*Asks:* 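Take a look at this one; I'll ask things after.
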Amino acid sequence: MINIPIYLINLDKDSDRLEFMDNQFRELGSSYERFAAIRGTQLPEALAPYFTDKSRRVVSQLTSGEIGCYASHLAIMKIVANGAQPGLIFEDDVRIKPEFPALIDEFLNAQLPYDILRISSPRKKRWIFIKANFSTGYKAVKYIRVPML
(Lines give C-alpha, C1' and ligand atoms only; values in the text may rest on other atoms or scores of the structure.)
Protein backbone atom coordinates (compact mmCIF):
# COMPACT_ATOMS: atom_id res chain seq x y z
CA MET A 1 0.00 0.00 0.00
CA ILE A 2 1.21 3.48 -0.88
CA ASN A 3 0.25 6.11 1.70
CA ILE A 4 0.72 9.33 -0.25
CA PRO A 5 -1.50 10.82 -2.95
CA ILE A 6 -1.26 9.12 -6.34
CA TYR A 7 -2.27 10.87 -9.55
CA LEU A 8 -2.83 8.90 -12.73
CA ILE A 9 -2.61 10.67 -16.10
CA ASN A 10 -5.08 9.09 -18.50
CA LEU A 11 -6.70 10.28 -21.74
CA ASP A 12 -10.50 10.05 -21.67
CA LYS A 13 -10.46 7.71 -24.68
CA ASP A 14 -8.04 5.22 -23.09
CA SER A 15 -10.41 3.18 -20.91
CA ASP A 16 -8.36 0.01 -21.46
CA ARG A 17 -5.27 1.70 -20.01
CA LEU A 18 -7.31 2.99 -17.08
CA GLU A 19 -8.52 -0.54 -16.36
CA PHE A 20 -4.92 -1.84 -16.57
CA MET A 21 -3.74 0.70 -14.00
CA ASP A 22 -6.83 0.30 -11.82
CA ASN A 23 -6.09 -3.43 -11.52
CA GLN A 24 -2.49 -2.76 -10.50
CA PHE A 25 -3.44 -0.20 -7.86
CA ARG A 26 -6.14 -2.53 -6.53
CA GLU A 27 -3.55 -5.32 -6.16
CA LEU A 28 -1.35 -2.91 -4.18
CA GLY A 29 -4.28 -1.84 -2.02
CA SER A 30 -3.69 1.78 -3.05
CA SER A 31 -6.14 4.38 -4.22
CA TYR A 32 -5.44 7.04 -6.84
CA GLU A 33 -6.96 10.10 -8.40
CA ARG A 34 -7.44 9.98 -12.15
CA PHE A 35 -6.25 13.11 -13.92
CA ALA A 36 -7.83 13.61 -17.34
CA ALA A 37 -4.80 14.09 -19.57
CA ILE A 38 -4.47 17.48 -21.20
CA ARG A 39 -4.46 17.56 -24.98
CA GLY A 40 -1.60 19.59 -26.44
CA THR A 41 -4.08 21.29 -28.75
CA GLN A 42 -6.32 22.35 -25.83
CA LEU A 43 -3.97 23.90 -23.26
CA PRO A 44 -5.47 25.61 -20.22
CA GLU A 45 -4.63 29.32 -19.89
CA ALA A 46 -2.33 28.72 -16.92
CA LEU A 47 -0.14 26.27 -18.86
CA ALA A 48 -0.14 27.89 -22.31
CA PRO A 49 2.84 30.21 -21.59
CA TYR A 50 5.10 27.16 -21.23
CA PHE A 51 4.46 26.17 -24.84
CA THR A 52 3.03 29.15 -26.75
CA ASP A 53 3.69 32.82 -27.38
CA LYS A 54 1.32 35.59 -26.31
CA SER A 55 -0.90 35.03 -29.33
CA ARG A 56 -1.21 31.32 -28.35
CA ARG A 57 0.91 30.19 -31.30
CA VAL A 58 2.89 27.07 -30.37
CA VAL A 59 6.59 27.91 -30.10
CA SER A 60 7.69 24.58 -28.66
CA GLN A 61 9.42 22.02 -30.85
CA LEU A 62 7.43 19.28 -29.13
CA THR A 63 4.59 17.45 -30.86
CA SER A 64 1.06 18.17 -29.64
CA GLY A 65 1.06 14.80 -27.84
CA GLU A 66 4.32 15.65 -26.06
CA ILE A 67 2.98 19.07 -25.11
CA GLY A 68 -0.13 17.42 -23.65
CA CYS A 69 2.01 14.98 -21.66
CA TYR A 70 4.26 17.73 -20.28
CA ALA A 71 1.27 19.97 -19.53
CA SER A 72 -0.44 17.14 -17.63
CA HIS A 73 2.68 16.57 -15.53
CA LEU A 74 3.04 20.31 -14.87
CA ALA A 75 -0.60 20.63 -13.80
CA ILE A 76 -0.25 17.79 -11.30
CA MET A 77 3.11 19.08 -10.05
CA LYS A 78 1.38 22.35 -9.19
CA ILE A 79 -1.24 20.43 -7.20
CA VAL A 80 1.43 18.47 -5.33
CA ALA A 81 3.56 21.58 -4.72
CA ASN A 82 0.57 23.32 -3.10
CA GLY A 83 -0.18 20.32 -0.90
CA ALA A 84 1.17 19.31 2.48
CA GLN A 85 2.79 16.06 1.41
CA PRO A 86 4.59 14.49 -1.52
CA GLY A 87 2.65 12.86 -4.32
CA LEU A 88 3.23 10.34 -7.06
CA ILE A 89 2.44 10.91 -10.73
CA PHE A 90 1.90 7.90 -12.95
CA GLU A 91 1.27 7.65 -16.65
CA ASP A 92 -1.21 4.95 -17.66
CA ASP A 93 1.26 2.54 -19.23
CA VAL A 94 3.45 1.75 -16.22
CA ARG A 95 3.99 -1.75 -14.89
CA ILE A 96 4.22 -1.47 -11.13
CA LYS A 97 6.51 -4.00 -9.49
CA PRO A 98 5.36 -5.57 -6.21
CA GLU A 99 8.29 -4.02 -4.31
CA PHE A 100 7.32 -0.48 -5.37
CA PRO A 101 5.41 0.45 -2.16
CA ALA A 102 8.39 -0.66 -0.04
CA LEU A 103 10.72 1.44 -2.19
CA ILE A 104 8.55 4.53 -1.74
CA ASP A 105 8.35 4.01 2.04
CA GLU A 106 12.10 3.53 2.28
CA PHE A 107 12.80 6.56 0.10
CA LEU A 108 10.51 8.80 2.15
CA ASN A 109 12.01 7.57 5.41
CA ALA A 110 15.57 8.17 4.14
CA GLN A 111 14.85 11.94 4.15
CA LEU A 112 17.04 12.58 1.14
CA PRO A 113 17.24 16.11 -0.29
CA TYR A 114 15.01 16.23 -3.35
CA ASP A 115 12.33 18.29 -5.03
CA ILE A 116 11.37 15.80 -7.71
CA LEU A 117 12.01 12.08 -7.68
CA ARG A 118 11.99 10.42 -11.07
CA ILE A 119 11.63 6.67 -10.96
CA SER A 120 12.73 5.12 -14.20
CA SER A 121 14.99 2.65 -15.90
CA PRO A 122 18.71 3.44 -15.84
CA ARG A 123 19.95 6.08 -18.21
CA LYS A 124 23.43 6.44 -19.61
CA LYS A 125 23.68 10.05 -18.46
CA ARG A 126 26.14 11.08 -15.77
CA TRP A 127 24.96 10.88 -12.19
CA ILE A 128 26.26 10.58 -8.64
CA PHE A 129 24.97 8.37 -5.86
CA ILE A 130 22.83 9.94 -3.15
CA LYS A 131 22.06 6.60 -1.53
CA ALA A 132 23.85 3.62 -2.98
CA ASN A 133 21.32 0.90 -2.22
CA PHE A 134 17.82 0.50 -0.93
CA SER A 135 16.73 -2.87 0.43
CA THR A 136 14.67 -3.29 -2.75
CA GLY A 137 17.88 -3.16 -4.82
CA TYR A 138 17.25 0.30 -6.27
CA LYS A 139 19.62 3.27 -6.07
CA ALA A 140 19.00 6.96 -5.54
CA VAL A 141 21.12 9.14 -7.80
CA LYS A 142 21.41 12.80 -8.63
CA TYR A 143 21.79 13.62 -12.29
CA ILE A 144 24.46 16.13 -13.22
CA ARG A 145 22.04 17.43 -15.87
CA VAL A 146 18.29 17.43 -15.37
CA PRO A 147 16.82 14.58 -17.47
CA MET A 148 13.78 14.99 -19.69
CA LEU A 149 10.43 13.80 -18.34
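Just so you know, these numbers come straight off a predicted model, no measurement behind them.
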*Asks:* Taking C-beta and beyond as the side chain, do D92 and F20 meet within less than 4.5 Å on heavy atoms?
*Replies:*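 With C-beta onward as the side chain, the pair stays apart.
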
*Asks:* In Å, rounded to the nearest 0.5 Å, how long is the span from CG of L47 to CD1 of I67?
*Replies:*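 So the CG of L47 and the CD1 of I67 are separated by 11.5 Å.
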
*Asks:* Rounded to the nearest 0.5 Å, what separation is found between the CG atom of L11 and the CD1 atom of I38?
*Replies:*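 So the gap between those two atoms works out to 10.5 Å.
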
*Asks:* If you take the centroid of each ring, where Trp contributes its six-membered ring, are F90 and F100 closer together than 6.0 Å?
*Replies:*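 Centroid separation for F100 and F90: below 6.0 Å.
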
*Asks:* What do the steps show when you test I6 against E33 for side-chain contact (heavy atoms from CB on, under 4.5 Å), and what is the final call?
*Replies:* CA-CA 6 Å; I6 298 172; E33 181 177 330; over 6 Å; no

*Asks:* Do Y50 and L62 share a hydrophobic cluster, counting only Ile, Leu, Val, Met, Phe, Trp and Tyr and linking them when any side-chain heavy atoms are less than 4.5 Å apart?
*Replies:*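 Y50 and L62: one cluster.
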
*Asks:* Does Q24 form a side-chain contact (heavy atoms from CB on, under 4.5 Å) with D22? I'd like the steps, not just the answer.
*Replies:* CA-CA 5 Å; Q24 291 187 89; D22 190 63; over 6 Å; no

*Asks:* Mind checking what makes salt bridge (charged side-chain N to carboxylate O under 4.0 Å, His left out) contact with R95, not counting sequence neighbours?
*Replies:*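 Salt bridge (charged side-chain N to carboxylate O under 4.0 Å, His left out) list for R95, sorted by chain: empty.
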
*Asks:* Can you tell me how far CZ of F51 sits from CD of Q61, rounded to the nearest 0.5 angstrom?
*Replies:*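 One finds 13.5 Å between CD of Q61 and CZ of F51.
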
*Asks:* For D12, enumerate each residue passing the salt bridge (charged side-chain N to carboxylate O under 4.0 Å, His left out) test, keeping only those at least two apart in sequence or located in another chain.
*Replies:*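 So D12 forms a salt bridge (charged side-chain N to carboxylate O under 4.0 Å, His left out) with R34.
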
*Asks:* Is a side-chain N or O of R56 found less than 3.5 angstrom from the main chain of L43, in a donor-acceptor match?
*Replies:*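 Answer holds: yes.
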
*Asks:* What about the rings of F25 and Y32, do their centers lie closer together than 6.0 Å?
*Replies:*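 Yes: the rings meet the under 6.0 Å criterion.
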
*Asks:* Would you sort out whether Y7 and V80 count as a side-chain contact (heavy atoms from CB on, under 4.5 Å), showing the intermediate values?
*Replies:* CA-CA 9 Å; Y7 302 90; V80 172; 3.6 Å; yes

*Asks:* Looking at S72 and A37, would you say the former's side chain and the latter's main chain have a donor-acceptor pair under 3.5 Å?
*Replies:*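 Not at all, since once roles are kept as given, no pair shorter than 3.5 Å links the two residues.
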
*Asks:* Can you list the steps and then say if I9 with H73 is a side-chain contact (heavy atoms from CB on, under 4.5 Å)?
*Replies:* CA-CA 8 Å; I9 298 171; H73 279 269; 3.7 Å; yes

*Asks:* Of the non-hydrogen atoms in P101 and P98, which two are nearest, and what is the gap between them?
*Replies:*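 Shortest heavy-atom separation between P101 and P98 comes out as CD-O, 3.3 Å.
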
*Asks:* Taking all atoms of both residues into account, what is the closest heavy-atom pair of P86 and P5, and its distance?
*Replies:*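 Closest heavy-atom pair between P86 and P5: O-CD, 3.2 Å.
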
*Asks:* Treat each ILVMFWY residue as a node, draw an edge where side-chain heavy atoms are under 4.5 Å apart, and state whether L18 and I96 are in one component.
*Replies:*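 Yes.
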
*Asks:* Please check: side-chain N/O of D14 versus main-chain N/O of R17, any donor-acceptor pairing under 3.5 Å?
*Replies:*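 Side chain of D14 to backbone of R17, a donor-acceptor pair under 3.5 Å: no, none is there.
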
*Asks:* Look at the side chain of N109 and the backbone N and O of D105, then say whether any donor-acceptor pair between them is shorter than 3.5 Å.
*Replies:*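 Checking the backbone N and O of D105 against the side chain of N109, a donor-acceptor pair under 3.5 Å is found.
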
*Asks:* Answer yes or no: is there a donor N or O on one side and an acceptor on the other, between the side chain of S30 and the main chain of I2, under 3.5 Å?
*Replies:*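 Pair found, side chain donor or acceptor close to backbone of I2.
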
*Asks:* Does the side chain of S64 come within less than 4.5 Å of R39's, by heavy atoms?
*Replies:*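 R39 does not reach S64 side chain to side chain.
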
*Asks:* In plain terms, say whether E19 and R26 are close enough for a salt bridge, that is, a side-chain N and a carboxylate O under 4.0 Å apart.
*Replies:*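 Result for this pair is no, no salt bridge flagged.
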
*Asks:* Can you name the side-chain hydrogen bond (donor to acceptor under 3.5 Å, both in side chains) partners of N82, sequence neighbours left out?
*Replies:*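 So N82 forms no side-chain hydrogen bond (donor to acceptor under 3.5 Å, both in side chains) with any residue.
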
